[in-house]
Each structure stands twice: as structure tokens, then as C-alpha cells.
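Structure, as C-alpha cells:
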2 protein chains.
Amino acid sequence: MSSREPTLADVAELAGVSLTTVSRVLNNRGYLSEKTKKNVADAIQTLGYRPNSLARALHGKRTQTVGLIVPAVSLPFFGELAVEVENALAEAGYRILICNSMGRADREREYLSLLVGNRVDGIISGAHNEGLDEYDTIRMPLVTIDRELSPSVPNVRCANEEAGAMATRALIEGGCSHPLLLTSRSGPRNLREAGYRAEVERAGLTPRIVTVPFDTPTPQRFAMVRNALDEARAASPVDGVFATDDLAAAEVLEWARTHSLSVPTDLSIIGFDGTETMRRALPHLATIRQPIAEIAQAAVSILLDQIEGKAPRSSSDEAGAAPAQTVEFPGMLIPGRSLAL
Amino acid sequence: MSSREPTLADVAELAGVSLTTVSRVLNNRGYLSEKTKKNVADAIQTLGYRPNSLARALHGKRTQTVGLIVPAVSLPFFGELAVEVENALAEAGYRILICNSMGRADREREYLSLLVGNRVDGIISGAHNEGLDEYDTIRMPLVTIDRELSPSVPNVRCANEEAGAMATRALIEGGCSHPLLLTSRSGPRNLREAGYRAEVERAGLTPRIVTVPFDTPTPQRFAMVRNALDEARAASPVDGVFATDDLAAAEVLEWARTHSLSVPTDLSIIGFDGTETMRRALPHLATIRQPIAEIAQAAVSILLDQIEGKAPRSSSDEAGAAPAQTVEFPGMLIPGRSLAL
DNA sequence: GTGAAAGCGCTAACAA
DNA sequence: TTGTTAGCGCTTTCAC
């Protein structure tokens, strides 16, 4: 009875017309008599027919699907990013295939393969694994979010350097003379760090940086943050912390509590991201809000331009075409009680 | 040059064999000479060939894809659920198509259609829209997570009633004589509420319930929570709150602060879910942890049994077969400073 | 061991 | 206004 999904042929038979005709009413193409239209529509209705998108896609048309690669949608930033990307895509009639790389290069590699195998129309990558040359092989529209993959791949992100400077400035203006940076990976590619450094030096202070890797498993995380901060404080005073994500900032809050440091009197804290979830969880935490919706929309719109051929992927920059864009959106300071004034 | 993805035919030509042969080495079926195998493998390598899964699926095989419908992966519970479902599925060689219904019935309906159109092999639904009779039309393996869809659809969930009782008991044992329930929708189908009621009555206390709809937009949320709690407190004293999710519990914490109620001296608070994100953000919040990984694994395993034919979906319960299971996993009390002892 | 040919469900010329 | 036919890329009998 409910053996298999009905096909075009089933509909055609029931309606007493040819396949083409059914296909035509489905795609609303060509001239059809009202009567035929209705017949077919009825048949579709009674059969509960749904076109097989695979077959359609096989024919060379688009799959209307875009792959999104992120570390994990369980992280508030990426969860919200995924939702916004999905919304932006939905408006254009595209769907999303979400891939959680879990910070593992092998999984990202696998997913890349899978996406190509599934013939998605394009890929948005927000994962952060290094050294994946597989991306060079990708012959399809590609956009990254906050990730420098190659000069030929467009990159959309928050204006990290200025945002980092903004956060640091907020600490300094609040009276901190020993502001510390807590981040996941220090180095020249960390633009939030660059902003921090610039601002600290401008104020004639000394940069101090402490790192706890992004993908540390939760059980060990808090211990690592605590140790790192303890060490830093043992070396010299700390009266402010800029954590490059809000979850890390939450750990700093907890650390302060265990040391009976009162916030912001003894210690000012500012985070980064400003996701809805974290705003709800810790409304008093000052932070820099990334404009997630804008970022998602921009990434989607660039990708769709490529997909729809307005901007043929300049993979090899033939004729020295314009280099791929880096689009930046400013972060926004959200004040909070965790910050002295 | 990088015109289109290479096809089986391209590989066959380069290797100087037939389509069949290539297909055989791909699927490792039948007898092949080592030499041929190697030739083909090389051709695949140099061409960077990836089988088109659409074409394969079209042939009647599985798509190896499962749809997951949730309100939004940006909510910590569903974000973590999605990740766990994806992990469980990955082990079995399946992938996941995530659909965020955003609490809207129309979007859920659309997504259902889309999933069927994409010929996913099965669906896991964790969304919460009422009155979607579309589900009756679905002729494919289906499992729900914490959602009573129909007696014939298996449902996996946390043992909500006991967990609700557990939370309430924690408040009462901590000395609360006026424990309030903050939930999103009150009614007989709310099992956490049922647990709360049972326990409150057992202690000879009066149940008091306050609701703020789940999908209230963030800007208005906090105001609604505040008003609801203010009203409740104006009517009679409140010395404990059981919030049926941790984000709501966070709002109660904030409400307590604005009223200078000290937690837990004046007010005990316990939440629900115990996601990693919320544990990191508010480590001192007592809560009931849902065993998300177990729930995800169970749902996946039941679904895969259906897909792989071990348990033919008993949509009409022919021969009065065993009714669809409801699988429950116990919640776990996580104590915290928000709770008096 | 390997190949030829039919067909999965659909679209798009090309006819009628 | 509608039907016929040839694929899309792959798997799978059935032959050789």
C-alpha cells in the first residue's frame, strides 16, 4: 500500500496525460489548458506526490543545497550563525547541509568530500582547521567566514582588529592598567589579539597574553583557565581581562569568584561574540557583539552570486581580476556590570 | 579546465575499461584483476573523481541521509542534540540534514516536504509544533525526541516526570515552602509540570505555575519573565523557582538580582537541561541534566533499525504488533550554589 | 574477469 | 496545447 513514493509516471497515468505534461504543470512552463492543469493537480494531490529532487538535480540542474562547515553548532556563535545562514538561504530557495567538523581536520576533509559527492551548489566554511589543501581541489563556489583560506576565496568576518581594540580600550578607560588577554591561539593571525596589542601599547602598558586552546574538552577547560590565570596573577597584578569569546569570559567570572575578587571593583571583564544565548545567560557580562545576521547574509549573498554565475569563481584569477574580497562588519560594544566605568 | 566534475565515464575512458568495471572497483564487488583495480584506482586519483551520490541514490539505493527537525540549533539543548545525533549517525555512515523550524508550523511543514523530496532515509523530529497532520502522510522511518506525535511513532526522551519531581524535591528539601514553577506551556502534556505538581502536593504545599512561551523573542522575554514573577510574588511569597530550562533559570537569577534577593538565602533556583554551554556559562546554577548523548544514540539506533528493515514501521500496527516504544532516560540532578541545602 | 544494455525519476529539445 | 525521445551518472542483471 504505502509501498514506494509515487513518481511522475504514476501521476501521469492517473491524470491520463504524458510525463511531459505533468512536468510542465509542476514547473509551470509552457502553455497548458486549465483543465489539464487541474487534472494533474488533483492527481498530485490524491497521490501525495512529491517530486524527487535527486532526479531533478541529476539532470544537471542545481541541487539548491549549500554546505556549511562549522566546528560545532552546539557552540553559541556557530549555532546562531547556522540559523542565520539557513534563514538567508531559505529566502533564495536553498537549503543547508550542516557539517560539524568538531575541530578535527580529518572530519573536515571527509565532509568536504561528502559535500562534493552530494553535488551541493556551494560551500560556506567557518571551521578552523589548518593545512587542508583539499580546498584547492574544490571546483565550486566557496566562501569562508572568519577564515583566511586563500587569497582567491572571499572571506566575511567581524572587523576583529578594531573590535579587539574596542574591547581593550573599554578596559583601559575603565581604569585597568594591567589588562590581560585570554584567547585560544596567539599569533599574528589572531586579529583580536592584534587589536589588543595595539591598544595596550598605545596606552603605554604591557601586553600580557594567556591561551587556552579552543577545543579543550570541557572537563579540563576550567582547570586550564584557572591555572593560566593563577600563574599570570602570581607573576604580576591583573585588573582586567579581555576574553576572546564569552564562554571563556564566563570562566573568568567564575575564577574571580573563587578568588573573592569582586567584579568590576577588583577585576573588569569583557568578552566577545554577544550571542543571544550568552546575553540571556549572563546579561551583566560586557562584550563585543558580532553582527552575526549581517555576516551570514553577506556570506550567503556572495555565495549565491557565484552560484548564479554573476561572479565566476576566479580560482586562478585569470587576467588579474579583482582579488577576492574580505568583507568586514564592525563589532559593537555592549556594556555591562562586569566592566568598571 | 575545471569545467565539470568528472564522471564514471571519464574514469572508464582514462583507465581503458568499461563503466561496469569502474563501478565494480568502486563498490568492491565481483572479481577484478589486481591490474585492473590499480588502473582504475589511478584514474580515479588523477581525475579527482568523486561518485555522484545523487545518481547512486536515484537508483533506488539509500541516500544515507537522515533529516533532523528542531526548533533551532542556536538553542543550547538542540545544538548539542544535533551534534550528538550527527555523531551517532556518522558511525553508521549516515549524514544529517538539519532543519530549524523556528517554532513555526509552516516551516516545519515545508521542511517535511523538502525532506521527502530529498528522499532522506528517515526523519528525527524534535520540533514542537502542534497539529501537523502532515506527519500522517510520511511513509518513511520516523522517530521523535520528546514529542508525542502518535502512538505508532517511537518517542525518545528524558524521564521528564521524575526529573521534574527530582527538581521540585531538591527545592523542598532545601527548605522551600513556596516553590514556583516557571515553564513555557502549562497543561497535562507537560510532564515536568506533572512531576512538580506531584511532589508539591506530596509535601502538602500549593502548586504555583507561571508561564512564558518558549518562542518569545528575546527582547520581550526578560520583561515577560520579570512581570510574571513580580505578579506571583505580589500575590504571595516565593522562596524557590524550578525553571524548566536553564536559560529561563538564568532570567530568574537576573530577576532575583534586580530585587536584591540573595540566592539561595532568599530564593533557591533550579533549572533544566544541563547543557555544556550552560554549565560553562553558569556553573553555579543547579539543574537537571538531560542525558543528551544517550537520547541521541537511542533515537538514531531505533531509526536505523527501521531503515535497515529490522523493524518495519508498523504504521497501522498490522496484527496488533507491539505498540511503538517510548524510551526514557533518567535525568540527573546537578547541585549548585543556586540551591539551598 | 569484463562488457553491453536497461533503467532509477526527471527535464528538455524536438515534433506533432 | 500536448506527446516522444534522449539523456543526467550510476548500478545491475545477463551475456561473453
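Nothing here was measured: the structure is a model prediction, and the numbers come from that model. Chain letters run A, B, ... following the sequence lines, proteins first, then strands; residues in each count from 1.
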Could you tell me whether [X] contacts a base, only the sugar-phosphate backbone, or nothing, with contacts defined as non-hydrogen atoms closer than 4.0 Å?
{"X": "L32(A)", "answer": "sugar-phosphate"}
{"X": "T7(A)", "answer": "sugar-phosphate"}
{"X": "R29(B)", "answer": "sugar-phosphate"}

For [X] and [N], is the shortest distance between a side-chain N/O and OP1 or OP2 below 4.0 Å?
{"X": "S33(A)", "N": "dT2(D)", "answer": "yes"}
{"X": "K61(B)", "N": "dT12(D)", "answer": "yes"}
{"X": "N52(B)", "N": "dC8(D)", "answer": "no"}
{"X": "Y49(B)", "N": "dC10(D)", "answer": "yes"}
{"X": "T20(A)", "N": "dT2(D)", "answer": "no"}
{"X": "T21(A)", "N": "dT2(D)", "answer": "no"}

Whole angstrom is fine here: how far is it from [atom1] in [X] over to [atom2] in [N]?
{"X": "L26(A)", "N": "dG9(C)", "atom1": "CG", "atom2": "C1'", "value": "12 Å"}
{"X": "L19(A)", "N": "dC10(C)", "atom1": "CG", "atom2": "P", "value": "9 Å"}
{"X": "R56(B)", "N": "dC8(D)", "atom1": "CZ", "atom2": "C1'", "value": "16 Å"}
{"X": "N27(B)", "N": "dT13(D)", "atom1": "CG", "atom2": "P", "value": "12 Å"}
{"X": "E5(B)", "N": "dC8(D)", "atom1": "CD", "atom2": "P", "value": "16 Å"}
{"X": "K37(B)", "N": "dT2(C)", "atom1": "NZ", "atom2": "C1'", "value": "14 Å"}
{"X": "L8(A)", "N": "dT2(D)", "atom1": "CG", "atom2": "P", "value": "16 Å"}

Below 4.0 angstrom, N of the basic side chain to O of the carboxylate: do E134(B) and R50(A) qualify?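 R50(A) and E134(B): not salt-bridged.
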Salt bridge R157(B)-E148(B), side-chain N to carboxylate O under 4.0 Å: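 Yes.
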Donor-acceptor pair between T20(A) and S23(A) side chains, under 3.5 angstrom: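 T20(A) vs S23(A): no donor-acceptor pair found between side chains.
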Is it true that the side chains of T326(A) and N155(A) contain a donor and an acceptor less than 3.5 Å apart?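 Not at all, the side chains of T326(A) and N155(A) share no donor-acceptor pair under 3.5 Å.
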Has the side chain of H59(B) got a donor or acceptor that lies under 3.5 Å from a partner of the other kind on the base of dG7(C)?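 Answer is yes: a donor-acceptor pair is held.
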Please determine whether any donor N or O and acceptor N or O are separated by less than 3.5 Å between the side chain of R24(B) and the base of dG3(C).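 Check passes, donor-acceptor contact within cut-off.
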Closest nucleotide of DNA chain C for L58(B) versus for T36(B): which of these residues is on the 5' side?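 Residue closer to the 5' terminus by nearest nucleotide: T36(B).
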Mind checking the CD-CE spacing from E86(B) to M102(A)? Nearest 0.5 Å is all I need.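 Interatomic distance, E86(B) CD to M102(A) CE, rounded to 0.5 Å: 7.5 Å.
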Side chain of A55(B) only, please: which of dC10(D), dT11(C), dC14(C) is the nearest?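 When the side chain of A55(B) is considered, dC10(D) is the closest of dC10(D), dT11(C), dC14(C).
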Among the candidates dT11(D), dG3(D), dC10(C), find the nucleotide nearest to the side-chain atoms of S23(B).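 Within the option list, the nearest is dT11(D).
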